[in-house]
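One structure is given below, encoded as structure tokens.
Computed from heavy atoms alone, side chains included, the values below leave out hydrogens, waters and symmetry copies. Worth saying up front: this structure is predicted, and the values here are computed from it rather than measured. Residue numbering restarts at 1 for every chain, and letters A, B, ... go by the order of the sequence lines.
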Amino acid sequence: MSTEEKNTPSNFIRNIIDNDLAENKNNSNVVTRFPPEPNGFLHIGHAKSICLNFGLAQEYSGKCNLRFDDTNPEKEDDIYVKSIKEDVKWLGFDWGDTEYHASDYFEKLYLFAIELIKSGNAYVCSLQGDQIREYRGTLKEPGKNSPYRDRSIEENLDLFEKMRKGEFKDGEHVLRAKIDMSSPNINMRDPIIYRIRNVEHQRTGNEWSIYPMYDFTHCLSDSIEGITHSICTLEFEDHRPLYDWVLDTLNTPCHPQQIEFARLNLEYTVMSKRKLLELVDSDKVNGWDDPRMPTISGMRRRGYTPAAIKEFCERIGVTKKDSSIEMGVLESCIREDLDSAAPRAMAVLDPVKITIENYPEDKEELVIAKNHPNDPEMGTREIPFCREVYIERDDFMEEPPKKYKRLTIGQEVRLRYAYIIKCENVIKDENGNITEIICSYDPETKGGKTQDGRKIKGTIHWVSSRHAENAEIRLYDRLFSIANPDKGEGGYIDNLNSESLNILKNCKLEPMLAESENRDIRYQFERIGYFYRDKISSEESGNLTYNRIVTLRDSWTKAKK
RNA sequence: UGGGGCGUCGCCAAGCGGUAAGGCACGGGGUUUUGAUCCCCGCAUGCGUAGGUUCGAAUCCUGCCGCCCCAGCCA
């Protein structure tokens, strides 16, 4: 760690590593790996693992490999490896010169399998799928030995070679580790380590007809790469005896330590690639990078920053306890990052026009606005002002509640950085909807300061009607309507929030927000929230489109309830 | 008694036998040309529960209760 020593809280994995280091295990090296399967896009849960693995490596001056766990050609695709690399890089992590793939070890793995057969620890089983299941027993009853369990080493070798050569159909045979069919741990009941799949692999093409299973591949890949701490999620805890068995039984370079932690659950969303894929495939969302998705690509498009995501992963901690994190934690992280970093701007989402009757019809002037209220170094800008300006429809109320300090008939309010105005009259259409608000202004208050020292309680934002840029603004809300979508009535799909996307088409922006050189800046639209230009929409259609990253905290709406 | 895990504030989480950190949320107050930010203050005589060991227990022991994971030729 070079720069600022931020107080990172301890966790049980750091404790384990500290102890290992104290005992000089692994020559005091720390080597971790992030091992995604390229069968989907990465999500915030993966970010937790990425931050953990790469973070530990950084912290202990070790290294972290990026390894694609690509042993199931039927589900995997190169587009996923591309997106995964983009996401990891965007988060700010560096996997060095080497991009690892389990498929690069297929030959080595094959040799290890032969070693296993030769030592009498693996056999070719010719039972069919349902028979294998039957022989496996149940959670409470032991399994029974396969009739093929005692094939000779020669026969096994011969059969396995033929499997490799593609002489069999899918499913005809499998290679199994010979362990213990009566083990209380089902993973130890002669687990399958190779299966026949006559399909093309995205990287090895048609070179192989057999593919190794996770339990065989993962531990050996870790060992080949000299991993010291192999960190995975809780559901693999039961697999650890097998992980250790393979490495103990074979002659391997080293024996990494598998450590399990609890995967991330976030309220109001789902965190499984299968479910996210389903949302994409069934068009419930607009692709993997839909800004409502908990995917890294979705969050990136929405406007989240790598810093906020990393801070989030730091705050939630690492334990073995199942937990579900409140959205508020994530929101707090992005607000914290953006509060100091985001330049301010003014935008009106739901415009209503006000006419300042005592302001000259043809007059226009520029007012000076700070780009950040607490950071003078961010400078100022000039904003055009004229007789008609748009303000937020709900910044005016005819019958205001107590403590209301915005615009209402007879009450003064400040147009931020411009003038103090007072509402004189309201014009409505035949349905009683307000179409225009008539105000007067105090010419002595340019910039928003009063000459006589009178206090103005409220300040509202505005955009000059003559200079406004029209824009589409997309407001996002939680993807699901209940905290734990999997536990509600029906399936998780039934719990989707129908109001997760709200598209506003008639928004008014101050001119600066339309300039193309400001395309990649995250802004705070004052009094509303943080926004980021949507790359895809803005580029494809030419329409100016902003995504809301997160709202500002709002104690007023809260207080009213 | 199938096996493996986990139970500390509403949500996370430190703590590793010496008398309950911190964050988010929440409540109260102050500053403020964003009802934002910022700044103060408050927020577990209590660590799933019942016993036991000890001068002393969230930490050690025993029982009980609750929750999660495992029977893919997925990872």
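Comparing B:U59 with B:A20, their P atoms are spaced 14 Å from each other, to the whole Å. For the C1' atoms, the distance from B:A36 to B:C9 is 28 Å, rounded to whole Å. B:G42 and B:U32 are spaced 24 Å apart, taking the P atom of each and rounding to whole Å. Nucleotides B:C6 and B:G10 have their P atoms positioned 23 Å apart, rounded to a whole Å. Annotation: B:G46 and B:C40 have their P atoms spaced 30 Å apart (nearest Å).
With a 4.5 Å cut-off on side-chain heavy atoms, A:R335 and A:T551 count as touching. A:L234 places none of its side-chain heavy atoms less than 4.5 Å from the side chain of A:R263.
Here A:Y194 pairs with A:F160, A:F216 under the ring pair (Phe, Tyr, Trp, His ring centres under 6.0 Å) rule; sequence neighbours left out. With sequence neighbours excluded, the residues satisfying side chain to side chain contact (heavy atoms under 4.5 Å, CB included) with A:I482 are A:N495. Taking the ring pair (Phe, Tyr, Trp, His ring centres under 6.0 Å) definition, one finds that A:F261 meets it with nothing, sequence neighbours left out. Partners of A:F236 by ring pair (Phe, Tyr, Trp, His ring centres under 6.0 Å), not counting sequence neighbours, listed by chain and number: A:Y214, A:H239. Applying the side chain to side chain donor-acceptor pair (under 3.5 Å) test to A:K162 and every residue at least two apart in sequence or in another chain returns A:D158. A:P351 pairs by the side chain to side chain contact (heavy atoms under 4.5 Å, CB included) definition with A:V348, A:Y390, A:N506, A:K508, not counting sequence neighbours.
Applying the ring pair (Phe, Tyr, Trp, His ring centres under 6.0 Å) test to pairs two or more places apart or on separate chains, none has a residue in residues 317-342 of chain A.
For the pair A:L338 CG and B:C38 P, the computed distance is 13 Å after rounding to whole Å. Here the P atom of nucleotide B:U32 and the NE2 atom of A:H461 are 23 Å apart, to the nearest Å. Atom-to-atom, NZ of A:K455 to C1' of B:U32 comes out at 10 Å; the value is rounded to the nearest Å. Atom pair A:N484:CG and B:C68:P shows a separation of 10 Å (rounding to whole Å applied). Here B:G35 presents its C1' atom at 13 Å from CD of A:Q524, a figure rounded to the nearest Å. Taking atom CD of A:E331 as the reference point, atom P of B:C12 lies 16 Å away to the nearest angstrom. Look at NZ on A:K457: it is 16 Å from P on B:U32, rounded to the nearest Å. Distance, A:R522 CZ to B:A36 P: 24 Å, rounded to whole Å.
Residue contacts shown for A:K370 are absent, as no nucleic acid heavy atom lies under 4.0 Å away.
Contacts of residues 263-274 of chain A with RNA chain B (heavy atom under 4.0 Å): none. If you check residues 15-23 of chain A against RNA chain B, the residues with a heavy atom closer than 4.0 Å are A:N15, listed by number.
With its glycosidic angle within 90° of 0, B:G72 is assigned syn.
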What's touching nucleotides 18-27 of chain B from the protein side, N or O pairs under 3.5 Å?
{"residue": "B:C26", "atom": "OP1", "partner": "A:K558", "partner atom": "NZ", "Å": "2.5"}

With the criterion being N/O to N/O and under 3.5 Å, what pairs connect the protein with nucleotides 5-8 of chain B, and how long is each?
{"residue": "B:G5", "atom": "O2'", "partner": "A:E237", "partner atom": "OE1", "Å": "3.4"}
{"residue": "B:U8", "atom": "OP2", "partner": "A:K321", "partner atom": "NZ", "Å": "2.5"}

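With respect to the salt-bridge test (charged N to carboxylate O, under 4.0 angstrom), the residues A:E225 and A:R67 qualify. Salt bridge A:E510/A:R381: present, at least one basic N to carboxylate O contact under 4.0 Å. Between A:D215 and A:R240 there is no salt bridge, since none of the side-chain N atoms of the basic residue sits less than 4.0 Å from a carboxylate O of the acidic one. Look at A:E392 and A:R527 and you find no salt bridge, because none of the NZ, NE, NH1 or NH2 atoms lies under 4.0 Å from a carboxylate O. A salt bridge does not link A:E314 to A:K310: none of the charged side-chain nitrogens sits closer than 4.0 Å to a carboxylate oxygen. Between A:R522 and A:D337, no side-chain nitrogen of the basic residue sits less than 4.0 Å from a carboxylate oxygen of the acidic one, so the salt-bridge criterion is not met.
Neither OP1 nor OP2 of B:A14 sits under 4.0 Å from any side-chain N or O of A:S10. Of the side-chain N and O atoms in A:S555, one or more sit less than 4.0 angstrom from OP1 or OP2 of B:A36.
The aromatic ring centres of A:H173 and A:Y148 sit 6.0 Å or more apart.
Of all nucleotides present, only B:G5 satisfies the Watson-Crick or G-U wobble test against B:C67, with each distance under 3.5 Å. Nucleotide B:G42: paired with B:C26 (Watson-Crick or G-U wobble, both distances less than 3.5 Å).
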Its contact letters, B for base, S for sugar-phosphate only and - for none at protein heavy atoms under 4.0 Å, make nucleotides 70-75 of chain B read BBSBSB

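Between A:I13 and A:N11 the shortest heavy-atom distance is N-OD1, 2.9 Å.
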